[in-house]
Amino acid sequence: MRIFMGIIRDMQRVQARQAHDAARTAVVRQREQNRRTTDLALAAAQQASAAADERERRRLYAEARAAEVDQANAGLSSHLDDLDNLLLSTLAVDDHIDLDRFKKPLVVPDFDPGPLGRPLPAPSWESFAPPPPTGLGRKVLADRHERQVAAARAAFADAQARHADAEQRRLRQLAAREQEYRQQRDLVAARVAAYNAEVDRFATAVGNGDPTSVVEYFGMVLGNSVYPDDFPQHYRLAFLPRERHLVVEYQLPSVEVVPAVKEYRYDRARDVIQAVGRPAAEVQSRYLHVISQLALRTVHEIVEADRGGLVDLIVFNGIVDTVDRRTGKTVRPCLVSLRAPRAEFAAIKLRHVDPVACVAHLDARVSAQPAELAPVRAVVDFDRVDSLYRDDVDVLADLDNRPNLVTLPSDEFEGVVGDLFTIMGLQMGYAETTGDLAVWTAVDPRPLFGGRVVVHATRADHVGPDQVRTLADAVARVGATKGILVTTGVFDPAAHTQNGGRPLELIDGSNLLTLLADHSRLQARIAHA
């Protein structure tokens with residue numbers, strides 16, 4: 001279940017990040033336009049010849065520097081807009097997660113027998129029969145013609161017998177090919193059905209209020225929320241089923257999230273760009289606004305995602321993990337803590353509230369000086385939640401429960417590898433398994449560098465040159481452009497030399513873990529017996 005939920009959680013995080021990136025495209029394009037304006041202005045100034053009017057050269061240079069300042073100020077403005085709209089930006093998103101959309105459709109190609117599906121052409125008597133004698137020699141050659149006909153009939157009968165044998169072989173091979181297809185089709189159908197059954201079991205467990213599943217579900221909800229890149233987005237969740245309380249400990253960004261620079265100005269007399277500092281009072285005010293929005297946003301996302309009414313009360317503790325510049329020590333003060341009854345919070349019109357005033361309305365405990373890390377006492381201490389009902393899950397770093405790739409069932413291991421390369425851009429077919437070797441024939445859809453790709457995956461402790469040669473033969477056999485050999489173990493030195501410059505990529509266990517963490521966001525481990 002943990003592997004399955006990790007894959008689903010990572011899929012929906014990738015989808016959320018893609019949606020966020022699409023929304024930011026216009027801002028990025030504007031910044032690029034500003035950069036091009038700056039570059040063009042600088043180029044124009046540099047290209048002005050020495051004989052050109054000095055006043056024109058200076059004007060062009062001043063325009064270039066002014067464009068540089070405008071670009072820097074546009075970046076500041078864009079970042080402040082992100083901070084000012086932390087709460088509003090989530091109100092346009094439906095935070096509920098429909099688990100049914102994670103179900104996989106059954107996609108199996110139609111049976112293609114190839115040449116085996118076409119009967120072999122039967123021998124024709126006309127191609128064996130000798131031509132009859134003609135002219136004056138008909139009578140003289142009659143006996144010879146009869147002997148030729150007899151020999152032709154014998155050859156025709158032999159050809160018919162050989163054709164019948166060949167047809168029987170073809171039919172036997174066709175039946176074997178059909179049987180292999182049915183087995184592969186049934187295997188794929190069983191895997192899809194098992195995966196979809198896991199989705200149903202998880203949805204049922206969430207609906208029934210199973211603490212582990214409830215924490216997993218709301219962890220997916222919070223993981224689906226896209227923040228600016230400099231937000232840590234680490235959190236812990238605990239669910240108390242009897243009380244129907246959800247406790248959230250959320251890591252806040254540090255005060256450095258508020259730009260210390262208020263604006264940039266160009267001093268033409270000294271030819272320098274000056275940074276004008278943001279007043280400390282404004283930094284304090286903006287930071288309080290940020291953490292207030294983050295608290296309201298988190299509670300809102302949980303309430304909106306909870307269509308089944310699992311939670312009656314949300315407790316939010318916002319902590320910041322940073323270094324106290326006065327002592328140099330790492331500290332984790334709680335800067336905001338609140339209790340939000342579901343019914344009361346759902347009645348608030350968040351689109352029209354002042355976040356700081358709204359948090360105060362909820363009787364939250366908020367730091368009087370959050371920029372100075374002045375702590376408040378948490379409404380509920382996360383680490384003291386009743387252990388009988390507590391399901392403490394660190395959604396980002398649950399290292400003790402990382403799946404062991406070596407001991408996973410074969411179908412789950414194939415699913416992990418297949419999903420990894422799918423996320424990386426390959427169109428994966430279904431796997432064929434022989435012993436401990438899983439084989440895919442995938443397609444790289446890129447127009448210039450793409451083509452067929454053969455992927456082999458094994459969980460052997462050591463992989464030698466024989467497996468590399470097997471991959472190379474498979475690549476040559478199907479006319480692939482590349483071969484990939486994945487193992488949870490290590491490659492013997494001879495395996496790398498066997499590559500011989502061919503289009504083969506060898507991925508050992510260490511690299512596999514890195515790829516899973518970077519692309520699938522799956523924290524796994526490899527522990528051989």
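Note that the structure is predicted; figures quoted are calculated from it, not measured.
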Residues R65 and E63 bridged, charged N to O under 4.0 Å: no
Y217 side chain to D306 backbone, donor-acceptor under 3.5 Å: no
4.5 Å side-chain heavy-atom contact, R286 and L80: yes
Gap between atom CG of L294 and atom CD of Q233 - 0.5 Å precision: 9.0 Å
T487 and D508 side chains, donor-acceptor separation under 3.5 Å: no
Evaluation steps, side chain to side chain contact (heavy atoms under 4.5 Å, CB included), between L246 and F316: CA-CA 9 Å; L246 185 70; F316 177 89; over 6 Å; no
Worked check of side chain to side chain contact (heavy atoms under 4.5 Å, CB included) between I507 and E505: CA-CA 7 Å; I507 301 174; E505 185 169 352; 4.3 Å; yes
N73 side, atom CG; K262 side, atom NZ - distance, nearest 0.5 Å: 11.0 Å
Distance-minimising heavy-atom pair for V454 and A480: CG2-CB, 3.9 Å
Heavy-atom closest pair, residues A457 and F413: CB-CE2, 4.1 Å
Main-chain N/O of I319 paired with R332 side-chain donor or acceptor, under 3.5 Å: no
Test item: E249 side-chain N/O and R236 main-chain N/O as donor-acceptor pair under 3.5 Å: no
Donor-acceptor contact present, side-chain N85 to main-chain D81, <3.5 Å: yes
Closest approach of R351 to A92 (non-hydrogen atoms, all atoms of both residues): NH2-N, 4.4 Å
Whether T422 side chain and G418 backbone form a donor-acceptor pair below 3.5 Å: yes
Charged N-O contact under 4.0 Å between R270 and D267: yes
Cationic tip of R297 above Y227 ring, under 6.0 Å, 45° of axis: yes
Under 3.5 Å donor-acceptor, H79 side chain and P228 backbone: no
Criterion side chain to side chain contact (heavy atoms under 4.5 Å, CB included) on L335 and V376, from CA distance to verdict: CA-CA 6 Å; L335 301 183; V376 297; 5.9 Å; no
Under-4.0 Å salt bridge between D95 and R307: no
L512 CG to L516 CG distance, which is reported to the nearest 0.5 Å: 4.5 Å
Reported CZ-to-CZ distance for the pair F102 and F202, which is rounded to 0.5 angstrom: 9.5 Å
Spatial distance of atom OH (Y235) from atom OG (S225) [nearest 0.5 Å]: 9.0 Å
Least distance between heavy atoms, L237 atom then G219 atom: CD1-N, 3.3 Å
Exceeds 12 heavy-atom contacts within 6.0 angstrom, atom CZ of R58: no
Over 12 non-hydrogen atoms of neighbours within 6.0 angstrom of CZ in R278: yes
Beyond-backbone contact of V311 with R244, side-chain heavy atoms, under 4.5 angstrom: no
Check against salt bridge (charged side-chain N to carboxylate O under 4.0 Å, His left out), R101 and D98: CA-CA 6 Å; R101 70 186 176 91; D98 181 6; over 6 Å; no
Test: K482 and D444 ion pair at under 4.0 Å: no
Heavy-atom donor-acceptor pair, T327 side chain to K329 backbone, under 3.5 Å: yes
Presence of salt bridge, R325 and E256, under 4.0 angstrom: yes
Within-4.5 Å side-chain heavy-atom neighbours: H300 and I348: no
Ion pair check, D363 and R339, cut-off under 4.0 Å: no
Donor on one side chain, acceptor on other, Y264 and D70, under 3.5 Å: no
Distance (rounded to the nearest 0.5 Å) between L83 CG and F231 CZ: 5.5 Å
Smallest separation among heavy atoms of V303 and A346, with atom names: CG1-CB, 4.3 Å
Intermediate values then yes/no, side chain to side chain contact (heavy atoms under 4.5 Å, CB included), N317 and L338: CA-CA 7 Å; N317 294 334; L338 61 84; over 6 Å; no
F421 to V455 - nearest heavy-atom pair and separation: CE1-CG1, 4.0 Å
Any donor-acceptor pair under 3.5 Å from D324 side chain to L373 backbone: no
Expected output: side-chain R365 to main-chain V336 donor-acceptor under 3.5 Å: no
Main-chain N/O of G75 paired to S78 side chain as donor or acceptor, under 3.5 Å: no
